[in-house]
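Note sheet for the following structure.
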Amino acid sequence: MARGTSGWDESDVRIRPNKKGSRPRTKDRPAHEDAVTGRIITVDRGRYTAIVDEDTPQERIVTAARARELRRTPVVAGDLVGLVGDVSGSPDSLARLVKVNERATLLRRSADDTDPVERVVVANADQLVIVVAAANPEPRTGFIDRALVAAYDAGISPLLCITKADLKDPVELLANYEHLDLEVVISRTALADDAGIDSESDDGLSARLAGGAVAALHEHLLGKVSVLVGHSGVGKSTLVNALTGSRRATGGVNVVTGRGRHTSSSALALKVQDAPAGSWIIDTPGIRSFGLAHVDPDRILSAFPDLEPGTEDCERGCRHDDEAVNCGLDPWVESGNAGPAGPARLASLRRLLGSGGLRTENRAQAKELGTQ
C-alpha cells in the first residue's frame, strides 16, 4: 500500500482498548420499585437513620448510605425516602438510600441574610414550635419574626412557646403578636439551670413540667410532625425529654455572655409519648441566626398581617422599606391600626426588607448555585 507524504497511513495506527470497558454510559437509572419507605430521623456524618414499617409490629431502625446519584440532593430529618439492600435493621447492616419522596413542606434557612445558599432544616413538618425564654436568655423579637416568616413561606403552622415565665412576665413580649392568629403556650417553670451549670434532665423536672406547659403543648402535637427551633438555653431539649421520654442532654446559660450552651448537634425526630401514630417532634440544634436570603420580599408581609392592610394606600412599586417614600404603612401605624406594638413591628419588618440577603440579585444567585 502506498504511504502518504508523511510515510504513514491509517493501517499503521493501533487502537488501544478502553481500560474501563466499552459499555456506553447512560443517564437511565433503575426505578427501584422494590424500595421500602422509611422516615429519616437523624443524619450523622454521611449515615442516615430511618424508621421503617412505622407503627407496625415490624417497625425497626435502619441505617443507610446515600446513593451516588443523590449526592446533590439534601436529605434531612423528616424526609420520607426509598431504601434498598439490607433493610433488616440488623446490627452492622447498611441499606442504600436511593430516592427522596415528594415533600409536603420544607423548612429552610440561610446562614445569614447575605448568604445566597439556602439550607434545608427539616422536611414534611406540619407545625413550627418557636421556643423562646421570657428571660435568661432574653427573648429576641427579631428571631421570632424571622421564624414566622420562614414558617408562613413554607406553609407550616407556627406556635410560640415561652419558657421561664417565672423569671419575667412575658406580657410585653406577647404584645408584639396580639394582632396575629398565633397559638401561644407559656411555661412558668424555669426549664434550665440559671446558675450556668450544665445538667441532665431528671424525672423530677419532667414531672414538674408535665402538669403545666408540657400538658398544654402535648395537645398541639397530636397527629402532627412538629419541629422545635430556638436559641440554646431556652429549654428545647428539656421540653423534648418531657414530651418523648428521651434523655437529650440539657444545658444552662453562660452567666458571662447570657447565651445558652449548645447541647444538640444534629436534628433528631422522636415520637411523642401517649399520642396517636404520626405524632413526631423534631428537635433541632440551637440556632443563633435564621437567615431569610431564600425568601421573596413580596412574601415577607404575610408574616405581618397586622401591617399588611396598610400597604393598600402605597404607591405602585413601593418597597415598604426605610427608603420608601409615601409608604402607606407609616400612617397605618401612626393611626394605631397595628396596636401599641405597631412601631416595633414596622421596624422589624423594615429590617427584614432592608437586609441585603433579601434582594433580587441574591435570590438569583441562590437559584443559580442550587440548594445545598
Side-chain angles (χ1 to χ4, degrees), residues 109 112 128-148 150 158-178 180 182-218 220 226-244 246-265 267-268 281 283-290 341 344-345 347-348 351:
R109 74 180 183 96
D112 54 49
L128 177 65
V129 181
I130 307 164
V131 185
V132 298
N136 197 25
E138 290 296 318
R140 302 176 186 175
T141 56
F143 174 79
I144 298 173
D145 292 340
R146 287 171 174 272
L148 288 172
L159 182 150
L160 180 61
C161 179
I162 303 175
T163 63
K164 306 185 189 180
D166 57 327
L167 302 181
K168 181 180 179 180
D169 194 327
V171 61
E172 185 177 344
L173 174 63
L174 290 173
N176 289 281
Y177 305 102
E178 62 182 4
L180 275 66
L182 178 64
E183 295 283 353
V184 179
V185 171
I186 300 176
S187 168
R188 301 194 180 278
T189 301
L191 300 183
D193 185 350
D194 298 317
I197 302 174
D198 291 344
S199 62
E200 293 281 339
S201 75
D202 54 36
D203 293 338
L205 177 57
S206 296
R208 292 202 306 276
L209 292 172
V214 169
L217 185 54
H218 185 271
H220 289 282
S226 303
V227 53
L228 274 65
V229 298
H231 295 302
S232 298
V234 298
K236 280 194 304 93
S237 294
T238 301
L239 284 170
V240 170
N241 289 345
L243 289 160
T244 66
S246 61
R247 299 287 292 180
R248 296 279 270 175
T250 61
V253 176
N254 187 302
V255 294
V256 177
T257 65
R259 292 182 173 181
R261 295 185 174 93
H262 287 281
T263 57
S264 304
S265 59
L268 175 65
I281 285 180
D283 186 19
T284 62
I287 295 175
R288 284 180 178 164
S289 64
F290 212 117
R345 293 277 290 164
S348 180
R351 280 195 298 270

Quiz item: Among Ile144, Leu148, Val185, which residue meets the side-chain contact (heavy atoms from CB on, under 4.5 Å) test with Leu160?
Solution: Ile144
For a quick test of reading the model, state the closest non-hydrogen atom pair linking [X] to [Y] and the distance between them.
{"X": "Pro158", "Y": "Leu182", "value": "O-CD1, 3.7 Å"}
{"X": "Ala134", "Y": "Lys168", "value": "CB-O, 3.4 Å"}
{"X": "Leu180", "Y": "Arg345", "value": "CD1-NH2, 3.2 Å"}

Quiz item: Between Thr163 and Val234, is there a donor-acceptor pair closer than 3.5 Å when you use the side chain of the first and the backbone of the second?
Solution: yes
Practice problem: Give a yes or no answer on whether the side chain of Lys236 reaches the backbone of Thr284 with a donor-acceptor pair at less than 3.5 Å. | Solution: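 Yes, because the side chain of Lys236 sits within donor-acceptor range (under 3.5 Å) of the backbone of Thr284.
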Residues that [X] engages under side chain to side chain contact (heavy atoms under 4.5 Å, CB included), provided they are two or more places apart:
{"X": "Ala147", "result": "Leu128, Ile130"}
{"X": "Thr244", "result": "Val240, Ser246, Leu270, Ile281"}
{"X": "Glu183", "result": "Leu159, His220"}

Quiz prompt | Donor + acceptor pair across side chains of Ser348, Asp145 (<3.5 Å) | solution = yes
Self-check item: Glu178, CD atom: more than 12 neighbouring heavy atoms under 6.0 Å
Solution: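 Yes, because the 6.0 Å sphere around CD of Glu178 holds more than 12 heavy atoms from other groups.
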Quiz item: Could you walk me through whether Arg140 and Val132 pass the side chain to side chain contact (heavy atoms under 4.5 Å, CB included) check?
Solution: CA-CA 8 Å; Arg140 302 176 186 175; Val132 298; over 6 Å; no
Exercise. Please examine the side chains of Ile186 and Pro170, heavy atoms only from C-beta on, and report whether any two atoms are closer than 4.5 Å.
Key: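 A side-chain contact exists here, since the closest heavy-atom pair is under 4.5 Å.
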